[in-house]
Asks: 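Pasting a structure here, questions to come.
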Amino acid sequence: MSAHLPAIQIVVPLLAAALCVLVPWKRVSWGIAFAGSVTAFFAAIGLLSRVLDGEEIRYALGGWAAPWGIEYRIDAVNALVLLIVAGIGVVVTPFALKSVERELDGRRIPLFYGAWMLCLCGLLGIAITGDAFNIFVFLEISSLSAYALIAMGSDRRALVSAFRYLIMGSVGASFIVIGIGLLYVETGTLNLADLAERLPALHGERTVLVAFAFLTVGTSLKLALFPLHLWLPNAYTFAPSAVTAFLAATATKVAVYVLLRFFFTVFGTAYSFEQLRLGVWLLPLALVAIFTMSLVAIFQGNVKRMLAYSSVAQIGYIILGVSFASVTGLTAATLHLFNHALMKGALFLALGCVMYRVGSVHIDALRGLGRRMPWTMAAFTAGGLSLIGVPLTVGFVSKWFLVLGALEQGMWPVAALVLVTSTMAVVYIWRVVEAIYFGEPSPRAESATEAPLSLLVPTWALIVANLYFGIDATLTTSVAGQAARTLLGGAP
Amino acid sequence: MEVLGLFNYWVVIFLMMVGFYALISRGNLVKKVIGLNIFQTSVIIFYVSTGKIAGGTAPILIGDDHGVAEAGAEVLYSNPLPHVLMLTAIVVGVATMAMALALVVRIRETYGTVEDDEIQEQVLADEAVEGARA
Amino acid sequence: MNAGELALLALIIPAVGAGLVGLLRAQPNLREAASLVTGGVLLGVVMRIHRAVAAGEIPRLVLAEPLPGIPLELEVEPLGMIFALVAGSLWIVTTLYAIGYMRGHHEKNQTRFYIFFALAISCTMGVAFAGNLFTLFVFYEALTLSTFPLVTHAGTDAAKRAGRVYLGILLSTSIAFQLFAIIWTYLLTGTIDFEMGGILEGRAGEGVVAVLLALYVFGIGKAAVMPFHRWLPAAMVAPTPVSALLHAVAVVKAGVFSILKITIYVFGIDFLTQLGASVWLMWVAAATIILASLVAFRKDNLKARLAYSTISQLSYVVLGAMLANTMGIIGGGMHIVMHAFGKITLFFCAGAIMVAAHKTEISDMRGLGRTMPVTCAAFFVGTLSIIGLPPAGGTWSKWFLGLGALDAGQVGLVAVLMVSSLLSIGYLMIVPVRAFFSPASNPHGHGHANGGIHEAPLPSLIAIVITSLCCLALFVYPDPFFQLISMVAGP
Amino acid sequence: MESVVDLALLGLLAVTAIAVVRVRNLVAVVMLMGIYSFLSAALFVVLDAVDVAFTEVAVGAGVSTILALGTVALVGTRQQRHAKSPVIPLLIVLVTGGMLVYGTYDLPRWGQADNPIHGHVAPEYLADHVPLAGQDGEALEVHIPNIVTTVLASYRGYDTLGETTVVFAAMVGVLLLFVGTGGRRGASARGAGGGDDDPDGAS
Amino acid sequence: MRDQIILRIAAKILVGPILLFALYVQFHGDYGPGGGFQAGVIFAAGIILYALVFGLDQARAVIPMGVVMWCGTLGVLIFGGVGVVAMLMGGNYLDYGVLLHDASHAQHIGILLVEAGVLVTVFGVMVTLFYSFAGRRRAG
């Protein structure tokens with residue numbers, strides 16, 4: 001069966017989605033979703049371990065040879081992304097069980113898990129496929145379900161956020177389709193590897209340039225690259241807790257992956273970074289994103305929104321690593337994909353626990369919770385430290401490589417700025433930590449008790465991962481390093 | 001043919017941009033959704049027109065059921081692949097539209113309006129309430 | 001168990017102590033006993049390690065390898081041994097003191113206090129035994145974080161504000177400058193290990209070295225070199241034992257110790273002297289010495305005055321490091337020890353006065369010598385040591401620093417040292433002098449202010465006597481520390 | 001002949017699109033959208049995309065229009081005039097459109113048989129002779145005349161699975177939004193009453 | 001519209017042929033334009049027409065919401081399931097060639113099956129969407 005792992009990776013969540021909707025019992029529906037995500041997780045581990053052996057996995061769907069049929073192509077880069085998505089899925093699904101029952105009307109729950117699995121399936125599908133148009137199809141699966149999931153937030157602003165996300169997301173998707181179409185017209189193929197072979201001959205063409213521009217802008221809309229991030233803060237703020245945690249940790253990461261795939265594999269480093277000098281464009285964007293969004297995060301009253309802005313800033317860090325177009329830079333970027341998923345996942349889950357008990361995640365609602373919910377708050381603090389980049393957490397590892405990458409390029413002001421901006425993270429995280437431990441409890445917080453185990457265990461699982469991969473980053477750095485070399489076209 | 005070759009694309013681009021404009025400039029959510037629909041339909045027109053071969057015919061092979069390949073060699077068929085892709089795109093478009101319209105309906109039910117600026121006012125009011133309550 | 005594992009044990013013991021304290025929170029007596037026992041065990045372990053180090057051994061132990069080629073590693077070299085000895089021996093004394101103080105002062109959340117106190121010591125040991133720049137950075141940050149709850153212990157708005165300043169300055173300087181410098185060093189040399197004679201020689205030019213050195217000196221905010229000194233006075237809102245041990249010994253000494261260590265093992269003394277890249281930093285240190293003394297003059301609050309005195313004295317060590325010659329390093333290393341014992345005595349006294357006489361302002365302390373003779377006598381001894389007068393230990397460090405400045409040809413710095421000593425006579429000596437020779441300032445104040453002897457609680461008093469005796473003993477017998485520092489200070 | 005029809009249809013499409021932007025009665029706009037779909041379907045026939053045309057009529061002109069009409073019936077038919085300045089949207093549109101026009105200069109001319117798009121993958125489809133994976137170029141003939149069907153259901157069947165899933169996702173999404181929320185007549189359908197209501201939402 | 005007898009009769013007459021036409025489109029998809037999508041939509045159109053003329057509740061009585069939802073889901077399972085069966089029979093996912101001994105013939109079967117899946121889903125979803133939108137009362 002291991003030859004079919006790539007298919008299992010996608011098909012199991014897909015079929016699980018259908019089954020979730022079919023069964024009328026919410027707990028059974030959850031069970032199916034959980035089984036689906038566990039299967040996907042083990043499939044992702046299996047694929048990653050095969051890729052790490054130096055194999056590039058190809059899987060022809062329908063048995064048709066590549067440029068004619070659709071194929072999966074898995075190397076270190078997407079194997080890592082698959083693991084991130086499936087891993088977060090397997091952690092957040094157990095969390096969803098109680099959290100969703102609290103935040104959602106019971107009749108919706110089977111449908112919710114249907115959408116949940118569809119979102120997982122869509123994100124995995126984008127990451128695994130080797131076909132440009134197929135990316136679009138799965139992008140739509142994940143996006144449509146994400147819109148619905150976000151709209152499930154209990155605040156009425158969730159609806160507006162979901163609608164705005166839908167508009168921005170659809171524009172992004174349409175841009176991507178236009179880009180793919182232009183490439184297709186120029187080359188006659190949709191297969192990514194095939195495109196990569198045929199494009200170098202066309203590097204001077206204006207059409208290719210425009211295709212590049214549209215793909216970049218379209219994908220950037222999806223990954224919320226500053227200044228195309230406007231949909232993100234509210235979407236994350238008002239979505240149900242589990243949805244925020246899942247999407248924040250996965251959706252933008254997959255979009256970044258798509259960007260990396262097009263920049264480095266399809267168009268090639270020579271085109272993107274030498275001919276178009278993309279680094280010159282990405283670098284200032286990333287820096288402005290990091291700086292302004294960290295600044296905005298400092299002034300947010302709603303902690304979820306604060307973290308959402310911080311997410312936009314963190315995407316800036318990833319793009320910064322990409323802009324160096326060097327092995328270290330890309331290692332930093334891919335590492336941060338993984339690490340940021342861990343820390344933001346953990347932080348949003350901790351907030352989910354607060355939401356469960358207190359019903360609000362405004363900073364004033366968190367006051368004095370340090371005594372009432374010690375484990376949850378300890379998790380939040382630990383996640384926050386990781387976000388700041390304190391050593392022995394994953395955040396530090398990312399930062400280390402990022403600064404190293406900047407210094408390698410001789411850009412020491414950039415390196416300095418990376419470090420200076422992480423002190424801004426100190427400010428916005430510490431505001432919350434201070435409220436948690438020194439604030440006078442609000443009436444609602446006064447009666448709050450520690451979150452139930454089914455919420456705490458997933459949260460702490462991610463915190464432990466934050467610490468573990470911070471103390472022993474050998475595995476993650478070697479995978480990220482391999483991914484970076486793969487992207488730059490060297491031997492894996 | 002040479003001029004027409006590009007002119008065709010230009011008109012399609014114009015169509016796309018009209019849809020795009022309706023999408024980003026109008027405050028009425030229904031209008032936005034319809035603008036999105038026009039935009040997407042125009043992208044479909046663009047794809048399909050790239051598959052056309054002048055003087056060609058629809059990619060349904062002519063001839064008896066068994067010797068299709070041989071018979072097909074003499075007839076000029078338009079490219080089937082864009083058609084397939086666009087079948088998908090049409091369906092994706094309607095799916096997106098259904099989602100968008102459902103959201104519009106729900107927004108209307110909770111906000112009592114589908115005009116962007118009026119909704120924004122209420123959203124800001126909500127933010128103020130949240131700030132004051134906490 | 002070899003010495004490397006013992007070093008790890010030195011980190012674990014306080015952490016275990018913290019756990020014990022947490023478990024015994026319901027029985028304060030047992031809890032305090034646990035603290036004391038842990039302190040005793042730690043001191044024993046540190047002594048054992050010292051035996052190995054004094055014999056010329058350099059124990060090592062790799063704990064983990066977070067990043068390839070960048071291990072988390074413990075290594076006990078003589079300089080670290082000095083620091084560990086100071087921190088280890090003073091911890092047990094401070095615990096003794098704290099028991100009296102915290103009870104006498106009726107502090108809340110005493111369990112939390114002892115837990116984080118123990119954790120901070122664990123981190124201090126980590127700093128002392130750090131085997132490379134990364135490990136040093138890890139424990140340095142951990143020390144900041146573990147002391148934060150102690151600074152904000154009172155939970156008042158003032159404490160919160162102070163905590164913000166504390167964390168803000170220490171974290172941001174370390175992340176923005178120190179980490180930057182570490183990564184830069186790694187990029188230049190491909191290693192982050194501490195090596196005798198430095199790792200940068202031949203790998204970096206004069207300009208780069210100057211910038212790097214500045215990044216380290218300012219990035220190690222705990223050394224409180226101006227203008228990054230504001231956190232130290234702010235931290236004084238903490239309970240006095242915290243100020244005494246952490247902000248006179250552990251935390252601040254972790255800062256100057258790190259600078260000394262980096263100077264010796266990353267830059268290399270010879271390399272630095274040869275480049276002359278540190279000269280301007282000497283003057284920054286000198287300026288801090290003078291300016292902080294001047295500010296201290298204007299503080300009426302005793303703890304605040306002591307805090308600025310600390311800032312001033314810390315820069316002696318920084319100055320010693322920047323002199324980058326044998327005498328300078330010996331002076332700096334010795335000053336870590338001497339200042340630790342002297343300043344902790346002063347803080348103990350300040351706390352004792354606060355608990356027993358409820359006085360915090362110097363102007364209120366006239367005539368206090370009559371009600372608290374032992375405390376005020378101890379204060380006098382501590383003052384002698386800080387100023388650098390015989391028969392207290394501080395004499396030696398000042399002496400060597402002066403020699404170092406002369407060796408470096410910086411006569412101006414010798415003048416700075418003289419002026420600063422005069423200043424410290426002025427702002428410190430005034431306290432015991434007034435206490436003994438002025439009439440009581442407010443005879444109608446507290447009832448007990450006049451009537452007979454009213455000293456601090458007994459455990460605290462014992463602690464005060466011990467440390468002040470140590471100050472005197474170090475004048476007669478500074479040999480163990482002198483031997484250790486000589487091992488690293490070159491010929 | 002083809003080109004004339006082609007141009008005429010494009011012209012009509014342009015007119016319809018502009019009307020969509022300008023007309024403020026939403027019912028009319030929805031009808032215009034339906035007309036736009038019909039016109040594009042006609043264009044697809046000219047462009048030899050009969051399957052696409054068929055689908056566009058059924059889905060684009062049919063389902064979309066019905067759903068949009070239903071929505072308009074629920075949310076009101078007037079679009080308000082609003083004060084927002086059209087400058088920024090116009091600018092975005094001009095830049096985007098300009099980019100695309102710029103890109104077309106290097107685009108292969110419309111309708112040429114030797115364009116790359118017709119050369120690489122398509123011939124094997126049209127020859128009904130598509131290679132199988134991992135079998136040294138050995139190919140299989142499916143023997144279905146409508147190549148679009150074969151490509152859709154077999155060669156790129158996985159895309160179609162995805163597309164089916166998108167449709168399914170839309171159903172799940174819409175149900176999620178509507179189940180258990182206000183204004184439900186559907187919920188009361190099983191109970192008493194409600195039966196006499198005219199489904200004005202869809203007429 | 002309940003009183004408009006002509007419309008009702010016309011609709012009654014029309015619904016049958018529409019459904020038949022849908023089946024034609026489905027099965028003729030191999031030879032002419034058409035296939036699962038179009039057939040599904042046309043099938044749905046038949047139901048929608050019925051609902052428009054006879055009222056939503058009448059239509060729901062004939063084909064309840066639960067059934068169409070179930071259809072919408074079932075189609076995905078059919079499509080995905082064909083792929084799984086292919087996998088179990090030793091081929092790659094969605095490789096219909098392994099379903100029968102003769103690969104070419106097997107492709108026909110596979111295509112027919114997945115088109116059926118598409119038809120069922122599209123039909124189910126379209127009717128569900130229609131029911132959902134038409135079943136809402138105007139608020140405010």
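Since we're looking at a predicted model, the values are computed, not measured. In what follows, chains are A, B, ... by sequence order, proteins preceding strands, each numbered from 1.
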Asks: At a heavy-atom distance under 4.5 Å, which candidate from B:Ile44, B:Val33, B:Thr96, B:Val12 has the highest pair count against chain D?
Replies: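 That would be B:Ile44.
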Asks: Give, as side chain, backbone, both or neither, the part of D:Val30 having an atom under 4.5 angstrom from any heavy atom of chain B.
Replies: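 Contact with chain B: backbone and side chain both.
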Asks: Heavy-atom pairs under 4.5 Å with chain D: which of B:Ala98, B:Ala95, B:Gly112, B:Pro59 has the most?
Replies: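 Heavy-atom pairs under 4.5 Å are most numerous for B:Pro59.
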Asks: Of the non-hydrogen atoms in D:Glu56 and B:Ile90, which two are nearest, and what is the gap between them?
Replies: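 So the two residues come closest at OE1-CD1, 3.5 Å.
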Asks: Hey, is the main chain of D:Ile117 close enough, under 3.5 Å, to the side chain of B:Asn79 for a donor-acceptor pair?
Replies: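 Looks like yes, one N/O pair under 3.5 Å.
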Asks: For a side-chain contact (heavy atoms from CB on, under 4.5 Å) check, start with the C-alpha distance between B:Ile45 and D:Leu13, then their side-chain angles and the critical distance, and finish with the verdict.
Replies: CA-CA 11 Å; B:Ile45 299 176; D:Leu13 280 167; 3.7 Å; yes
Asks: Decide side-chain contact (heavy atoms from CB on, under 4.5 Å) for D:Val52 and B:Tyr47; before the verdict, give the C-alpha distance in whole Å, the side-chain angles of both, and the deciding distance to 0.1 Å.
Replies: CA-CA 11 Å; D:Val52 184; B:Tyr47 261 78; over 6 Å; no
Asks: Which residues pass the side-chain hydrogen bond (donor to acceptor under 3.5 Å, both in side chains) test with B:Ser42, not counting sequence neighbours?
Replies: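 So B:Ser42 forms a side-chain hydrogen bond (donor to acceptor under 3.5 Å, both in side chains) with D:Tyr36.
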Asks: Using non-hydrogen atoms and a 4.5 Å limit, figure out which bit of D:Thr96 sits close to chain B: side chain, backbone, both or neither.
Replies: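 Both backbone and side chain.
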Asks: Please classify the contact of B:Gln40 with chain D as side chain, backbone, both or neither, using a heavy-atom distance under 4.5 Å.
Replies: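 Contact with chain D: none, neither part.
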Asks: Side chain, backbone, both or neither: which part of D:Leu43 has a non-hydrogen atom closer than 4.5 Å to chain B?
Replies: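 Just its side chain gets close to chain B.
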Asks: With side-chain contact (heavy atoms from CB on, under 4.5 Å) as the criterion, how do B:His83 and D:Asp51 come out once you've worked through the C-alpha distance, each side chain's angles and the decisive distance to 0.1 Å?
Replies: CA-CA 7 Å; B:His83 303 174; D:Asp51 281 88; 5.6 Å; no
Asks: Applying side-chain contact (heavy atoms from CB on, under 4.5 Å) to D:Leu47 and B:Ser78, what does each step give before you reach the verdict?
Replies: CA-CA 8 Å; D:Leu47 296 174; B:Ser78 285; over 6 Å; no
Asks: Relative to chain D, which of B:Thr88, B:Thr113, B:Val18, B:Ile24 shows the most heavy atom pairs under 4.5 Å?
Replies: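 Maximum pair count with chain D is reached by B:Thr88.
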Asks: Using a 4.5 angstrom heavy-atom cutoff, name the option from B:Val114, B:Leu85, B:Leu101 with the most pairs to chain D.
Replies: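 Of the options given, most contacts go to B:Leu101.
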Asks: Does any heavy atom of chain D fall under 4.5 Å from the side chain of B:Phe14, the backbone, both, or neither of them?
Replies: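 For B:Phe14, side-chain heavy atoms alone lie under 4.5 Å from chain D.
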Asks: When heavy-atom pairs shorter than 4.5 Å are enumerated against chain D, which of B:Leu29, B:Leu103, B:Leu23, B:Val105 gives the highest number?
Replies: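 Among the listed options, the one with the most contacts to chain D is B:Val105.
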Asks: Quick one: CD1 on D:Ile147 to CD1 on B:Ile60, what's the gap to the nearest 0.5 Å?
Replies: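 Interatomic distance, D:Ile147 CD1 to B:Ile60 CD1, rounded to 0.5 Å: 9.5 Å.
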Asks: If I take atom CG from residue D:Asp6 and atom CG from residue B:Asn8, how far apart are they, to the nearest 0.5 angstrom?
Replies: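 Rounded to the nearest 0.5 Å, the CG-CG separation comes out at 4.5 Å.
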Asks: Taking the side chain as everything from C-beta on, heavy atoms only, tell me whether D:Phe178 gets closer than 4.5 Å to B:Arg106.
Replies: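 D:Phe178 vs B:Arg106: side chains touch.
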Asks: To the nearest 0.5 Å, how far apart are CZ in B:Arg108 and CG in D:Leu74?
Replies: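 Answer for the CZ-CG pair, B:Arg108 versus D:Leu74, is 9.0 Å.
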Asks: With only heavy atoms counted, which part of B:Met97 is less than 4.5 Å from chain D, the side chain, the backbone, both or neither?
Replies: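 Only the side chain of B:Met97 comes within 4.5 Å of chain D.
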Asks: Would you mind checking which part of B:Val104 comes under 4.5 Å of any heavy atom in chain D, side chain (CB onward), backbone (N, CA, C, O), both or neither?
Replies: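 The answer is both parts of B:Val104.
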Asks: Measure distances from B:Phe39 to the heavy atoms of chain D and classify the residue's part below 4.5 Å as side chain, backbone, both or neither.
Replies: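 For B:Phe39, there is no contact with chain D at all, as no heavy atom is under 4.5 Å.
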Asks: Is it the backbone or the side chain of D:His118 that comes under 4.5 Å from a heavy atom of chain B, or both, or neither?
Replies: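 Both backbone and side chain of D:His118 come within 4.5 Å of chain B.
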Asks: State the CE-CE distance between D:Met171 and B:Met99, to the nearest 0.5 angstrom.
Replies: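 Atom-to-atom, D:Met171:CE and B:Met99:CE are 13.0 Å apart.
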Asks: Where on D:Leu90 is there a heavy atom nearer than 4.5 Å to chain B: the side chain, the backbone, both, or neither?
Replies: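 For D:Leu90, backbone and side chain are both near chain B.
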Asks: How far does CG of B:Leu15 sit from CG of D:Leu39, to the nearest 0.5 angstrom?
Replies: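 Interatomic distance, B:Leu15 CG to D:Leu39 CG, rounded to 0.5 Å: 10.0 Å.
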Asks: Distance from B:Tyr9 atom OH to D:Leu107 atom CG, nearest 0.5 Å?
Replies: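 Reported value, rounded in 0.5 Å steps: 4.5 Å.
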Asks: Which atom names give the shortest non-hydrogen contact between B:Lys31 and D:Val23, and what distance separates them?
Replies: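 Closest approach of B:Lys31 to D:Val23: NZ-O, 2.7 Å.
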